Amino acid sequence: MPTSSLAGARSPALRRWLVLLAAALLIATALVVAPGGRAQAAVTLLSQGKTTTASSTENAGTPAAAAVDGNTGTRWASAFADPQWLQVDLGATSAISRVVLNWEAAYAKSFQLQVSDSANGPWTSIYTTTTGTGGTQSIDVTGSGRYVRMLGTQRATGYGYSLWEFQVYGGTADGPSTCGTANTAQGKTATASSTENGGTPAAAAVDGNLGTRWSSAAADPQWLQVDLGGTQTICQVVLSWETAYGKAFQLQVSDNAAGPWTSIYTTTTGTGGTQSLDVTGTGRYLRVNGTQRGTAYGYSLWELAVHTTGGGSGPVIPPTDPMNPDFGPNVSVFTPATPQAQMQAKLDQVATQQHTNQFGTERYALLFKPGTYAADVNLGFNTQVAGLGLSPDDVNINGHVRVEADWLQQGDNPNNKQNATQNFWRSAENMAVTPPNGQIERWAVAQAAPYRRMHLKGAPEIQLWSGGDGWASGGLFADTKIDNTVVSGSQQQWFSRNSEFGGWTGSVWNMVFVGTTGAPPQHFPDPAHTVVGTTPVIREKPFLYVDNAGSFNVFVPALRQNSSGTSWSHGPAAGTSISLSQFLVAKPDTPIATINAALDQGKHLLFTPGVYHLTDTIKVTKPNTVVLGLGMATLTPDTGKSAISVADVDGVKLGGLLIDAGPVNSPVLVEIGPAGSSANHATNPTSLHDVFVRIGGGSHLGKATVSLQVNSNNVIGDHMWLWRADHGDQVGWDVNTAANGLVVNGNDVTMYGLFVEHYQQFETLWNGNGGRTYFYQNEMPYDVPSQAAWTSGGGTQGWAAYKVANSVNTHEAWGVGSYSFFQTNPSIVASHSFEVPDTPGVRFHDLVAVSLGGVGTIANVINNTGGPANATTQQRYLVSYP
């Protein structure tokens, strides 16, 4: 992997570098190996498959055993009364450290977790709440017993209690006491008596970054304390001192941030360096209380690590070196010093391999550090090309970053290969491109192929199709500047947001421009140009970059309100930077337990290119977490669980991910907020960027009831393609089954660039109020076998492509299209593409329904309005509804 040397990136003083290196090596060793060869405490799932009983069951299909079968598609449900209980026999007395409750919609508002050594009690409560929130609750507890019971005392709904899964974690109660290797302090809240300056805050001692530190004022006494988030049994503390160390200090614990404090270690002969101190103590807060400095300076710690027993143990989280991160074999990082021939050979090798590799498992990211390059990037499947500057203009490509329509046969002529309708799953981001000698640029793509944060210079035009007479089917410009003209040609639909064009020409069915300067004027339907002057609320996608010191970071753009144009072309973009040291850099073989432990510690997550086979859900629980994929990183849930769940918290960002459904049906693939989420996130919403879902089409079977479910409020969707495969392997009406692409239950959710195709029921179902969609592209399922097999009832034929629930009072959409191609049975009729309540607060602008080639019928565009799209009239347009 070509990359610059450390010496070429920065030149610190040799002594400082050696001190840092020694400290890094010492603390890395201390974090991985417990002293005296002590074993890492295992946190084991004890309940799965064990004997389970309950006070009642709703019916024979919801038995107690379904809550411990490891299948989140089955559940236990009780009778509709209080109280009710579910209990599991672990087979032997065990220490219990965690209970995970995965509630169905019918959850408990008040309940207790109880343990006993007998199935008949007496029972000891180890957790009690009267404010249960439902969703998935991961509860840390302390207790032991053979039997564990959930006792529900107040239901949150009119139904009973219902659990998809009841999971009990722990170990044998009489086993040896072990000291965990996980750093319980990492990422937690730290405070101090003083700081030397703004660059040495208390938080730097618990950030997992061996190159940052806390330092105090040059006076005695001084202290640093960390909130571990809950009472912990502490067995070891590791202090990695900078040169300014403590000669006399105490380690102290307390259950209160203000004390009183209990000393668990005292010394007057501290030696500095890295000290691994075995201790015994219990408390929520740990404090290093320095009473005599070892130098004339203050106290200074590179890192404070706290190890605990029981529930405090867990997987070791490998640190990330931001100067030289290990991105694995499928990421190439080029520098201006990389020999041009070597670089082009790598680009050509990836392009050749990925040219027709639509459903292969290979994934690549091609990254360019700031500088100027001569390169021809011909972008194939499952490949990302990106610049590593803070501005697109920091990386200049003299050449091409292009996608050609030269591999897929169009029609019956084998020599006619100008079909771009399957040019999926690739992206170009964050670079400037200048084609040589005034040549045009070509970006002939279909869905899931974003051209984001780009600057195209010099080319007289960029063509969004083959440039001949071929087909193309949808794409995205976002935060992008095109100096000259965009020519859309045969491109059927396109979405442009917060971009700047020298001009635009062309239209087929649905061209939508939001917050874009240089867009054509509003005109619908001929040409079909939908223009919205400003983008009401948006956050651009986070991206990887290298700073002037050669260190990798992730830039998180700020939230923008009522914006137009790019975020970067009129001055530096607003936002914040996060050192890559704050990320777990995951590879396909990284255990899911390690991923979730890192997220639980407050780490962010970077997926390197590859296919990740998941046996459990990736659980994002902390606010402001960034989860970013490189090179179309692909997550496949193999056991029927969700791929990702996000708690109802502020400011989570998911970007650059392909979710590929697994062979066991997942009720939901991606869930944003648990059921019943109600918090207001208007000032700091969760946002999803270039998140794509695939059901089938590849080498393995894929099934999922719902692809993306949004339960939280104020969520922003920034380019989604949710696709039940219509071609490839493992495809068929009863094979790659999927009911809904998108279900929105939250309020004030906004979607930009939403593509949802081929699902078997409502493809988009919107239950929340205040929703907005800017651009929608849909194809109904091709493979409907019969009208009887595809009906939503009540006299409605088929299922609407976009359904706004009858309970919704406010909803608005701009530039929406739905197409039919009932290939299996051309006699199929869909009553309408869009189904909405007739209320003044629900408004649609610029709608189109298309019968592709006249194969099948859409009887109306929206409700009973618009007329049929069929073999006689293949396109039907409607300017507004109502």
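All values reported here derive from a predicted model rather than from experimental measurement.
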Lys188 with Asp227: basic N within carboxylate O range, under 4.0 Å: no
Between Thr634 and Asp660, a side-chain donor and acceptor under 3.5 Å: no
Parallel, tilted or perpendicular: ring planes of Tyr774 versus Tyr752, cut at 30 and 60 degrees: parallel
Donor-acceptor side-chain pairing of Gln137 and Trp103 below 3.5 angstrom: yes
Polar side chain donor-acceptor pair, Glu500 to His570, under 3.5 angstrom: yes
Whether Phe555 and Phe543 hold their rings parallel, tilted or perpendicular, with breakpoints at 30° and 60°: tilted
Distance-only side-chain donor-acceptor flag, Thr636 / Tyr612, under 3.5 Å: no
Pair Lys587 + Asp326, salt bridge at N-O below 4.0 Å: yes
Short side-chain donor-acceptor distance under 3.5 Å, Asn684 and Asn624: yes
Qualifying residue for salt bridge (charged side-chain N to carboxylate O under 4.0 Å, His left out) with Asp718, from Arg539, Arg560, Arg497, Lys541: Arg497
Sidechain-backbone polar pair: Lys603 side chain, Ser581 backbone, donor-acceptor under 3.5 Å: yes
Distance flag, aromatic centroids of Tyr373 and Phe368, threshold under 6.0 Å: yes
Atom pair CE/OG1 of Met454 and Thr480 - distance to nearest 0.5 Å: 7.0 Å
Donor-acceptor contact below 3.5 Å, side chain Thr534 vs main chain Gly515: no
Separation between CG of Leu544 and CD of Gln384, rounded to the nearest 0.5 Å: 9.0 Å
Sub-6.0 Å ring centroid separation between Trp214 and Trp302: no
Ionic contact status for Lys619 with Asp616, cut-off 4.0 Å: yes
Parallel, tilted or perpendicular: rings of His455 and Trp568 (30°, 60°): tilted
The single option from Leu390, Leu388, Asn553 passing side-chain contact (heavy atoms from CB on, under 4.5 Å) against Asp547: Asn553
Member of Phe692, Phe755, Trp425 meeting the ring-ring contact (aromatic ring centres under 6.0 Å, His included) criterion with Trp721: Trp425
Distance-only donor-acceptor check, side chains Ser427 and Asp690, under 3.5 Å: no
Interatomic distance, Leu654 atom CG to Thr686 atom OG1 [nearest 0.5 angstrom]: 7.5 Å
Distance under 6.0 Å and angle within 45° of ring axis: Arg452 vs Phe477: no
Passing candidate, side-chain contact (heavy atoms from CB on, under 4.5 Å) with Arg363, options Val331, Thr608, Asn382, Leu630: Asn382
